[in-house]
Amino acid sequence: MHSLRVRLLLAFVLVAAVTIGSVSIFASQSTSTEFRGYVERRIEKDQGRFIGVLQGYYMENQGWPGVQPLVARLAQLAGDRIVLADSHGTVVADSDGQLVGQQAGKLRGEPLFTRQGELVGTVYLNPPGLDPMSENAFLSSVNRSLLIAAGTAITMALGLTWMLSRRILGPVVALTGAVRAMERGDLSQRVAIEERDEVGELARAFNAMADSLTRNEQLRKNMVTDVAHELRTPLSNIKGYLEAMKDGVLAPDTQALESVHEEATRLSSLVDDLQELSLAEAGQLRLDVSATDLSEVVDRALRGAKAQAMGKGIELAADLPAEMPLVEIDPARIGQVLHNLLSNALVHTSEGGVVTVKAEPRGREVEVSVSDTGSGIPAEHLPHIFERFYRVDPSRARSTGGSGIGLAIVKQLVQAQGGRIWVESELGHGSSFRFTLSVARL
């Protein structure tokens with residue numbers, strides 16, 4: 001009883017039954033009313049015609065002798081039963097030949113008068129009570145036909161509903177099966193539905209969700225592997241230094257202790273980055289947002305990257321408009337974004353290249369870009385460049401981009417402040433990382 005198909009079937013049948021029943025009742029009542037009206041109008045018309053003929057017969061014959069054949073012919077022409085009674089109410093003619101000689105009683109008929117106003121008889125056309133079967137039989141036939149039509153219509157509605165419900169609910173059943181399979185851990189489930197209706201949209205949304213879950217699951221597995229890899233290297237180095245000192249192979253001098261401290265710092269930095277990324281993705285990162293002059297934030301970021309740029313012989317440039325609107329940001333977090341993007345640009349730009357920070361007001365936003373003239377990023381890597389631990393260089397060399405979570409943090413920091421971030425790159429011609437910031441409402 002809880003099946004959607006059964007409920008849909010019952011709903012369709014109920015609607016069909018109510019609709020057809022209402023139409024049948026209305027049709028029966030309308031037919032009965034119209035039929036009675038038609039009979040009454042025809043009786044009035046026929047009675048008027050018959051009265052003239054019978055009055056003429058009475059005047060010509062001075063009474064009703066031999067009138068039975070005339071009444072029978074009139075009834076045959078009219079297709080009705082005609083009963084004629086004299087002035088005393090005695091039936092003198094009956095087209096059916098059943099009531100001759102009997103009293104007409106209280107039947108309603110049309111009086112017959114002579115020209116002098118003398119009542120000479122009464123004519124009855126289809127007298128009620130004497131021939132009840134004509135009207136009742138007709139209406140019973142109509143009602144019976146309506147019942148048969150209603151039953152046939154409901155049966156057809158039942159069959160059509162059953163077929164349509166199978167077609168409509170087929171995709172839902174397929175989706176249910178796929179969801180249950182995913183519940184058991186099978187993320188490979190997809191639903192092949194070509195319909196363009198709401199069910200088709202639901203199927204496409206399900207497939208998109210399944211793709212996302214599959215990718216997230218793969219990213220989760222990759223993250224565990226990558227975190228283990230990133231933690232293993234500094235931990236192994238620290239363990240190696242300590243074992244060497246313990247065994248007397250390496251003297252615990254300043255140089256050895258500095259190496260251990262460097263690996264510990266590297267390990268601490270990775271843990272801090274992971275914690276910050278986790279907080280940002282959970283929406284729990286604390287932000288100190290205020291109306292800020294973006295020029296000052298850019299200037300601080302460029303000064304911080306100056307030493308690295310000079311060491312590689314790379315030019316740092318800024319392209320900022322003279323009238324820069326204030327932006328609604330956390331200056332420390334946006335400074336962190338610029339520092340990360342500048343560091344990546346400097347790593348992938350060769351000696352003699354240029355790294356430029358540019359800002360352009362665009363309505364209620366300011367678009368900021370960090371562009372370089374470096375090696376660029378292959379097109380197949382662009383959709384994944386902001387994913388955790390994703391690296392274009394599979395060698396994982398520390399010189400080509402650290403642990404691989406910097407850009408993931410950048411994305412979360414920009415989105416946490418209501419902005420968007422994307423990358424444009426052409427292999428061999430450099431890359432441009434662009435993000436938007438909201439203009440402050442003063």
> Do the non-hydrogen side-chain atoms of Val414 and Val337 ever get within less than 4.5 Å of each other?
Replying inline: yes

> In Å, rounded to the nearest 0.5 Å, how long is the span from NZ of Lys312 to OG1 of Thr349?
Replying inline: 6.5 Å

>> Under 4.0 Å between a side-chain nitrogen and a carboxylate oxygen: does that hold for Asp330 and Arg286?
In response: no

> For Leu382 and Ser425, which heavy atoms make the closest approach, and how far apart are they?
Replying inline: CD2-CB, 4.0 Å

> In Å, rounded to the nearest 0.5 Å, how long is the span from OG of Ser95 to OH of Tyr124?
Replying inline: 14.0 Å

> Any side-chain heavy-atom pair from Arg434 and Glu424 closer than 4.5 angstrom?
Replying inline: yes

> Do Val355 and Leu342 have side-chain heavy atoms sitting under 4.5 Å apart?
Replying inline: yes

>> Between Leu99 and Arg81, does the side chain to side chain contact (heavy atoms under 4.5 Å, CB included) criterion hold? Intermediate values first, please.
In response: CA-CA 12 Å; Leu99 301 177; Arg81 183 179 181 182; 3.5 Å; yes

>> Using a 6.0 Å cut-off, check whether atom NE2 of His429 has over 12 heavy atoms from anything other than its own residue.
In response: no

>> If you count heavy atoms of other groups shown closer than 6.0 angstrom to CZ of Arg180, is the number above 12?
In response: no

> With a 4.5 Å heavy-atom cut-off, do Ile377 and Leu427 have their side chains touching?
Replying inline: no

N/O donor to acceptor pairs below 3.5 angstrom from side-chain atoms of residues 314-328, sequence neighbours left out:
none

> Are Gln336 and Arg333 close enough that a side-chain donor and a side-chain acceptor fall under 3.5 Å?
Replying inline: yes

>> If you apply the rule side chain to side chain contact (heavy atoms under 4.5 Å, CB included), what do you find for Asp372 with Val354, and how did you get there?
In response: CA-CA 6 Å; Asp372 62 63; Val354 179; over 6 Å; no

>> Nearest 0.5 angstrom please: Arg73 CZ to Gln76 CD, how far?
In response: 9.5 Å

>> Would you compute the distance between atom CG of Leu287 and atom CD1 of Ile329 and round it to the nearest 0.5 angstrom?
In response: 11.0 Å

>> Any non-hydrogen side-chain atom of Met245 less than 4.5 Å from a side-chain atom of Leu257?
In response: yes

> Quick check: does any side chain N or O of Asp293 sit under 3.5 Å from a backbone N or O of Ser295, one acting as donor and the other as acceptor?
Replying inline: yes

> Any side-chain heavy atom of Glu243 within less than 4.5 Å of one from Val249?
Replying inline: no

>> Could you measure the distance from the CG atom of Leu341 to the CZ atom of Phe435? Nearest 0.5 Å is fine.
In response: 6.5 Å

> Once you round to the nearest 0.5 Å, how far does CG of Leu407 lie from CG of Asn340?
Replying inline: 6.0 Å

Side-chain donor-acceptor pairs of residues 298-309 under 3.5 Å, sequence neighbours excluded:
unit_1 : atom_1 : unit_2 : atom_2 : d
Asp299 : OD2    : Arg303 : NH1    : 2.2

> Are Ile421 and Val410 close enough that some pair of their side-chain heavy atoms sits under 4.5 Å apart?
Replying inline: yes

> Do Glu367 and Arg362 sit within salt-bridge range, that is, some charged N less than 4.0 Å from a carboxylate O?
Replying inline: yes

> When you look at Lys411 and Glu387, which way does the side chain to side chain contact (heavy atoms under 4.5 Å, CB included) test go after all the steps?
Replying inline: CA-CA 9 Å; Lys411 178 182 177 180; Glu387 293 175 1; over 6 Å; no

>> Quick check on Glu380: does its CD atom have over 12 non-hydrogen neighbours (other residues, nucleotides or ligands) under 6.0 Å away?
In response: yes

> Just wondering, are more than 12 heavy atoms of other shown residues or ligands nearer than 6.0 Å to CE in Met310?
Replying inline: no

> Taking all non-hydrogen atoms of both residues, which atom of Ala359 and which atom of Val366 are closest, and how far apart?
Replying inline: CB-CG1, 4.1 Å

> Hey, does the side chain of Asp94 reach the backbone of Val83 with a donor-acceptor pair shorter than 3.5 angstrom?
Replying inline: no

> Counting N and O atoms only, with roles assigned by atom type, does the side chain of Thr292 sit under 3.5 Å from a partner on the main chain of Ser290, one being a donor and the other an acceptor?
Replying inline: yes

> Is Thr356 reaching over with its side chain to a backbone N or O of Ser371, donor-acceptor style, under 3.5 angstrom?
Replying inline: no

